[in-house]
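Note that this is a predicted model, so its numbers are computed, not measured. Convention: sequence-line order gives letters A, B, ...; per-chain numbering from 1.
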2 protein chains.
Amino acid sequence: MNESIYLARARLMKALSHPARLRIVDQLASGERCLCELQPLFEQDKSTLSRHISALRQVGIVSERREGARIYLRLATPCILQIFDCLNGVLQAEAKRTAQWLEPEMAE
Amino acid sequence: MNESIYLARARLMKALSHPARLRIVDQLASGERCLCELQPLFEQDKSTLSRHISALRQVGIVSERREGARIYLRLATPCILQIFDCLNGVLQAEAKRTAQWLEPEMAE
DNA sequence: GCATTATTGTGCAATAATGCTACATTGCGT
DNA sequence: ACGCAATGTAGCATTATTGCACAATAATGC
């Protein structure tokens, strides 16, 4: 029906379609973090990290709070974490189906 | 921690990060469809549609059943639909926050 | 053989990811 | 106040990926 709803959803999904960004969100699930705290966890350059954060900010997934030179990030909509649960559910379902494909061969 | 989990999740998210693919999933939520049935709903070429479908198949979101020349698609893990609910939740939360930013200006 | 349905090959334009560098902002110490 | 270190962002070039259409190629049933 309404095309814009799919666009809005896709924008959100795209922001979450990169391992680094998923990791950032995962970290923020434990509480506020600034870029400099996140950086040691990643191999990428800090500028790259900054851009990933920017992508999350642009779609409203994270918001920020300045404290001196640091900018502390937090999840703007903690319900975003439910998506992770959904993802896990799907991945587990897939794993289960894959196992069913493999078992019969194992039996031979 | 484990990098591969973020990769797996990102792969799944990426498959859902395009309006056309979200639309396909939405259609399949109502039941089986073949490409030729989906095509009228989209402006893109059938080959493009086929590739979108292929992307969904590759990550295990949809599976298929051949019936003559037609290949009927269905959601392999219907729990994928929960992700849509999550997305809506996030989008609504954002809309609410945006409204709060706008209201004060409206009052002046 | 022929029509219907779906996939694949190819090329092109647009987008995204990355690192390096330079720059801005802030707070601290002197 | 000044310089300096720490923190984050922006510009740029490079490379990789994605989305797309058109055409060619399968696969199926009649």
Considering every strand shown, what is the Watson-Crick or G-U wobble mate of dG29(C) when both distances are under 3.5 Å?
dC2(D)

Checking N1-N3 plus N6-O4 or O6-N4 for Watson-Crick, or N1-O2 and O6-N3 for wobble, each under 3.5 Å, the partner of dA3(C) is dT28(D)

Between [N] ([atom2]) and [X] ([atom1]): distance, integer Å:
X: Arg70(B); N: dC30(D); atom1: CZ; atom2: P; result: 12 Å
X: Glu64(A); N: dT7(D); atom1: CD; atom2: P; result: 17 Å
X: Arg65(B); N: dT28(D); atom1: CZ; atom2: P; result: 15 Å
X: Ile71(B); N: dT28(D); atom1: CD1; atom2: C1'; result: 10 Å
X: Glu67(B); N: dG29(D); atom1: CD; atom2: C1'; result: 12 Å

Tell me whether [X] contacts the main-chain N or O of [Y] through its side chain, where contact means a donor paired with an acceptor under 3.5 Å.
X: Arg66(B); Y: Gly68(B); answer: yes
X: Glu37(B); Y: Cys34(B); answer: yes
X: Arg23(B); Y: Glu3(A); answer: no
X: Ser54(B); Y: Ser50(B); answer: no
X: Arg33(B); Y: Leu38(B); answer: no

Does the side chain of Ser50(A) get closer than 4.0 angstrom to OP1 or OP2 of dG8(D) through an N or O atom?
no

Close residues, residues 32-42 of chain A, relative to DNA chain D [heavy-atom separation under 4.0 Å]
Cys34(A), Leu35(A), Cys36(A)

Is any side-chain heavy atom of [X] closer than 4.5 Å to a side-chain heavy atom of [Y]?
X: Leu7(B); Y: Leu22(A); result: no
X: Arg74(B); Y: Leu28(B); result: no
X: Leu35(B); Y: Ile71(B); result: no

Per-nucleotide protein contact string for nucleotides 15-27 of chain D, where B marks a base within reach and S marks sugar-phosphate only (heavy atoms under 4.0 Å, - for neither):
---SSSBBB----

Do Tyr72(B) and Val62(B) belong to the same hydrophobic cluster, where Ile, Leu, Val, Met, Phe, Trp and Tyr are linked whenever their side-chain heavy atoms lie under 4.5 Å apart, directly or via other members?
no

